[in-house]
Amino acid sequence: MKVRNPRTGEFDYEIRPIDAAGVAAAAARLRGNQPHWAALPIDERCAIMLRWADEIEKHAGAIVEQLTIDTGRAGIAAIEVGGVPGTIRRWAAQASGIIDRHSPANIQSSNPTIMNSTRLVPFPLFGAIAPWNFPMTLSLIDAIPALFAGCAALIKPSEITPRFVEPLRASIADVPELAQVLEIIVGDAATGQVLVANVDYVCFTGSVATGRKVAVAAAEAFIPANLELGGKDPMIILASADPVEAAKTALRASVLATGQACQSIERLYVARPIYSVFLDTLVAEADKVRLNYPDINQGEIGPFIFAPQGQKIAEQIAEAKEKGARILTGGTVEVLGGGTYLRPTVIADVTPDMAVVRDESFGPVLPVIPFDHVEDAIAQANDSIYGLSAAILAGTSEEAEAVGARLEAGAISINDGSMTAMVWDAENSSFKMSGMGPSRMGESGLTRFFRKQAFMRQTAEPARIQDFAEEKFAQG
Ligand code: NAD
């Protein structure tokens with residue numbers, strides 16, 4: 001399978017997707033090794049995971065190099081790779097306490113002669129299916145806590161961005177105990193389908209369309225499917241916000257990573273009194289954003305990782321223009337040196353029926369909509385099949401929170417935007433079609449990988465069958 005380079009457009013890399021028998025063999029090997037892993041005291045598992053964090057740092061140069069080619073951006077590749085050891089160390093510091101809190105022993109039952117204890121039993125084999133937009137982060141974000149829980153882990157990154165896998169595997173090979181229970185496989189949709197059929201719990205990050213297929217397959221396999229899907233995040237900017245600062249915040253929250261982030265702001269609702277200053281500032285600031293072309297080490301935004309995404313957005317923009325929207329800056333998908341780029345695109349005079357307001361763009365596109373009444377802004381923000389996250393900017397956090405509480409989304413940024421990219425300890429659910437299952441953030445990020453086994457200890461004489469004799473319950 002040939003893999004495209006997002007900066008040159010050339011197919012300069014190849015993967016050999018693992019076949020169904022290979023996936024089954026990998027799953028069987030991991031499953032065989034998992035009981036030993038799960039039986040280790042949590043401190044020992046932590047020590048092994050911490051060695052992996054060190055190894056990732058030793059291999060970081062090679063991983064960043066490949067991830068940079070995968071994604072066409074250098075800075076975020078370095079941030080992604082640099083973040084993983086920190087994630088491992090954070091879970092290592094917290095895992096033991098969380099497990100203790102969720103496995104209480106000798107609790108008095110409401111039945112006076114019985115004492116309860118809870119034992120946490122990890123799912124044997126965890127599976128992850130990841131998208132291309134943050135290839136390393138999203139391949140590992142769920143697998144790391146699953147490993148801490150005592151699961152074995154089988155991970156399938158996106159076939160669009162597979163280059164980082166080889167150097168990442170080298171870091172795993174340097175921790176032999178971990179290599180027994182962690183494997184990364186490469187392949188496409190077919191490989192993903194086989195993975196679902198072979199694991200005991202699947203975490204899927206990707207589009208709604210594929211998420212639905214994974215949920216159906218997981219139902220067939222009778223395993224939990226934890227889905228993190230798309231979004232069309234709104235930002236509401238109230239009249240009390242500083243319009244100049246708000247425009248700068250909105251721009252970053254929308255165009256960072258070329259907007260290829262599920263939590264990117266994709267719709268801006270702005271109070272009428274500050275609309276014109278906000279819009280002028282947004283356009284002026286958007287014009288200052290530079291492509292990282294031709295020099296990857298300069299500029300703020302890179303190419304589309306997956307070129308067809310650019311085409312999809314070009315169609316959204318064309319439809320908006322046709323229906324009367326005004327493109328105030330950007331708006332043209334360009335091919336430069338073989339890579340596909342779009343400069344920050346600010347669009348005014350949009351209507352709710354336009355694809356650019358309704359559908360996920362996954363690019364640096366900012367439709368701006370003025371409102372006269374906050375009720376109207378809330379109604380429009382909630383008028384979406386998605387409910388991933390949202391943001392409110394206001395003069396005070398109290399005012400922003402009052403509006404945020406009325407939004408149908410799982411993560412609300414107050415006086416900032418897209419904060420789930422930086423905050424990993426606040427539990428949040430994906431509302432509506434943005435996902436299903438427990439939060440990957442906060443304590444539930446770990447506890448979701450356990451089944452609870454209750455031990456109910458009888459301290460008195462157990463009941464006898466005669467205690468249930470019909471005579472005892474006979475009426476009259
Ligand atoms: P995608 O759904 O096309 O693919 C995701 C993964 O699923 C890939 O690894 C792919 O090979 C695999 N796959 C495809 N068909 C499959 C099938 N039938 N069974 C099993 N696996 C299958 O998504 P994408 O285009 O790579 O990523 C972009 C999408 O991901 C956007 O919608 C974005 O919003 C979403 N996303 C969500 C989050 C989140 O946390 N909510 C984070 C990042 C991206």
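All values below come from the heavy atoms of this structure, side chains included, with hydrogens, waters and symmetry mates left out. Counting starts at 1 for both ligands and their atoms, following the listed order.
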Trainee: For Asn133 and ligand 1, answer yes if some heavy atom of the residue is under 4.0 Å from a ligand atom, otherwise no.
Mentor: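 Yes.
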
Trainee: For the atom pair CG (Leu251) and CG (Asp287), what is the distance rounded to the nearest 0.5 Å?
Mentor: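 These two atoms lie 10.0 Å from each other.
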
Trainee: Considering the heavy atoms of Leu138, write down every atom of ligand 1 situated less than 4.0 Å from one of them.
Mentor: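 So the atoms of ligand 1 that pass are 42 (C), 43 (C).
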
Trainee: Are Lys312 and Glu315 close enough for a salt bridge, meaning some N to O gap below 4.0 Å?
Mentor: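 Looking at Glu315 together with Lys312, the answer is no, because their closest N to O distance does not fall below 4.0 Å.
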
Trainee: Would you call Pro135 and Glu80 a side-chain contact if the rule is heavy atoms closer than 4.5 Å?
Mentor: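 Yes, at least one pair of side-chain atoms sits under 4.5 Å.
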
Trainee: Just jot down the ligand 1 atoms closer than 4.0 angstrom to any heavy atom of Ser158, in number order.
Mentor: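 The list of qualifying atoms is 9 (O).
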
Trainee: Are Ile184 and Val186 side-chain neighbours, meaning at least one heavy-atom pair lies under 4.5 Å?
Mentor: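 No, side chains not in contact.
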
Trainee: Between Val208 and ligand 1, find which residue part has any heavy-atom pair under 4.0 Å and reply side chain, backbone, both or neither.
Mentor: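 The answer is neither; Val208 stays 4.0 Å or more away.
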
Trainee: Would you say Glu360 and ligand 1 have an N/O pair spaced under 3.5 Å apart?
Mentor: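 Checking ligand 1 against Glu360, an N or O pair does fall under 3.5 Å apart.
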
Trainee: Considering only heavy atoms, does Leu195 approach ligand 1 within less than 4.0 Å through its side chain, its backbone, both, or neither?
Mentor: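 None of Leu195 does.
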
Trainee: Got the closest protein heavy atom to atom 9 (O) of ligand 1, with its distance?
Mentor: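 The protein heavy atom lying closest is Ala130 O, 2.7 Å.
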
Trainee: Between Phe362 and ligand 1, is there a nitrogen or oxygen pair with a distance under 3.5 Å?
Mentor: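 No, no N or O pair falls under 3.5 Å.
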
Trainee: Does Thr205, backbone or side chain, put an N or O under 3.5 Å from an N or O of ligand 1?
Mentor: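 No.
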
Trainee: Ring of Phe134, cation from Arg73 - is the NZ or CZ under 6.0 Å from the centre and inside 45° of the axis?
Mentor: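 Pair Arg73/Phe134 counts as cation-pi.
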
Trainee: Give the residue, atom name and distance (to 0.1 Å) of the protein heavy atom nearest atom 27 (O) of ligand 1.
Mentor: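 Atom 27 (O) of ligand 1 sits closest to the protein heavy atom Pro131 CB, 3.2 Å.
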
Trainee: Give the numbers and elements of all ligand 1 atoms closer than 4.0 Å to a heavy atom of Gly230.
Mentor: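 Ligand 1 atoms under the 4.0 Å threshold to Gly230: 32 (O), 34 (O).
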
Trainee: Measuring from the heavy atoms of Phe306, does anything fall under 4.0 Å of ligand 1?
Mentor: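 For ligand 1, residue contact (heavy atoms, under 4.0 Å) with Phe306 is absent.
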
Trainee: Check Glu408, Glu266, Glu360 against Lys232 for a salt bridge (Lys or Arg N to Asp or Glu O under 4.0 Å) and give me the one that passes.
Mentor: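 Result for salt bridge (Lys or Arg N to Asp or Glu O under 4.0 Å) with Lys232: Glu266.
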
Trainee: Heavy-atom contacts under 4.0 Å between Val196 and ligand 1: side chain, backbone, both, or neither?
Mentor: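 None of Val196 does.
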
Trainee: Assign the ring pair Trp132 / Phe306 to parallel, tilted or perpendicular, where the plane angle (0 to 90°) is split at 30° and 60°.
Mentor: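 Geometry flag for Phe306 against Trp132: tilted rings.
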
Trainee: Looking only at protein heavy atoms, which one is nearest to atom 2 (O) of ligand 1, and what is the separation?
Mentor: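 Ranked first by proximity to atom 2 (O) of ligand 1 is Ser207 OG, 2.7 Å.
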
Trainee: Taking all atoms of both residues into account, what is the closest heavy-atom pair of Ser430 and Leu388, and its distance?
Mentor: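 The answer is OG-CD1, 3.6 Å.
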
Trainee: So, 4.0 Å and heavy atoms of Arg440: is ligand 1 close enough to count as a contact?
Mentor: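 For ligand 1, residue contact (heavy atoms, under 4.0 Å) with Arg440 is present.
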
Trainee: Quick one: nearest non-hydrogen protein atom to atom 25 (O) of ligand 1, plus distance?
Mentor: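 The closest one turns out to be Trp132 NE1, 3.0 Å.
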
Trainee: Distance check, rounded to the nearest 0.5 Å: Ser418 atom OG versus Ile265 atom CD1?
Mentor: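 Going from the OG atom of Ser418 to the CD1 atom of Ile265 covers 4.5 Å.
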
Trainee: Looking at Asp12 and Arg163, is any side-chain nitrogen of the basic one under 4.0 Å from a carboxylate oxygen of the acidic one?
Mentor: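 Salt bridge flag = yes for Asp12 with Arg163.
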
Trainee: If we ignore hydrogens and angles and just use 3.5 Å, is the side chain of Ser439 paired with the main-chain N or O of Met441 as donor and acceptor?
Mentor: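 Such a contact is found between Ser439 side chain and Met441 backbone.
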
Trainee: Ile129 to ligand 1: N or O pair under 3.5 Å?
Mentor: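 Looking only at distances, the answer is no, because the N/O contact criterion of under 3.5 Å is not met.
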
Trainee: Would you mind checking if Glu334 and Arg343 are paired as a salt bridge, meaning a charged N to carboxylate O distance below 4.0 Å?
Mentor: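 Salt bridge flag = yes for Glu334 with Arg343.
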
Trainee: What atoms in ligand 1 come closer than 4.0 Å to a heavy atom of Glu228?
Mentor: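 Answer, ordered by atom number: 37 (C), 38 (C), 39 (C), 40 (O), 41 (N).
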
Trainee: Can you find a heavy atom in the side chain of Asn5 that is under 4.5 Å from one in the side chain of Tyr13?
Mentor: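 No, too far: nothing below the 4.5 Å cut-off.
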
Trainee: Assess whether a salt bridge exists between Arg7 and Glu10, defined as any Lys/Arg side-chain N lying under 4.0 Å from an Asp/Glu carboxylate O.
Mentor: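 Salt bridge flag = no for Glu10 with Arg7.
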
Trainee: Could you identify the single nearest non-hydrogen protein atom to atom 14 (C) of ligand 1 and state the distance to 0.1 Å?
Mentor: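 Of every protein heavy atom, Thr210 CG2, 3.4 Å lies nearest to atom 14 (C) of ligand 1.
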
Trainee: Output the distance between atom CG (Leu168) and atom CD1 (Ile155), rounded to the nearest 0.5 Å.
Mentor: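 Here the interatomic distance stands at 7.5 Å.
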
Trainee: Would you check whether Lys213 has a nitrogen or oxygen atom less than 3.5 angstrom from a nitrogen or oxygen atom of ligand 1?
Mentor: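 In fact, backbone or side chain, Lys213 has no N or O that close.
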
Trainee: Of the protein's non-hydrogen atoms, which lies at the shortest distance from atom 20 (C) of ligand 1, and what is that distance?
Mentor: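 Its nearest protein heavy-atom neighbour is Gly192 C, 3.4 Å.
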
Trainee: For Gln263, which part has a heavy atom under 4.0 Å from ligand 1: side chain, backbone, both, or neither?
Mentor: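 Neither part.
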
Trainee: Tell me, with the steps shown, if Lys323 and Asp353 meet salt bridge (charged side-chain N to carboxylate O under 4.0 Å, His left out).
Mentor: CA-CA 10 Å; Lys323 289 183 171 167; Asp353 61 310; 3.3 Å; yes

Trainee: What residue and atom, counting heavy atoms only, is the protein's closest point to atom 36 (N) of ligand 1, and at what distance?
Mentor: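 That would be Cys262 CB, 3.7 Å.
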
Trainee: I need the atoms of ligand 1 closer than 4.0 Å to a non-hydrogen atom of Val214, numbered in the order shown.
Mentor: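 So the atoms of ligand 1 that pass are 19 (N), 20 (C).
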
Trainee: Any N or O of Ser434 that comes nearer than 3.5 Å to an N or O of ligand 1?
Mentor: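 So ligand 1 has no N or O lying under 3.5 Å from an N or O of Ser434.
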
Trainee: For ligand 1, which atoms, with element, lie under 4.0 Å from some heavy atom of Phe204?
Mentor: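 So the answer, numbered in order with elements, is 2 (O), 5 (C), 6 (C), 7 (O).
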
Trainee: When you measure from atom 37 (C) of ligand 1 to every protein heavy atom, which one gives the shortest distance, and what is it?
Mentor: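 Nearest protein contact, heavy atoms only, for atom 37 (C) of ligand 1 is Leu229 O, 3.1 Å.
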
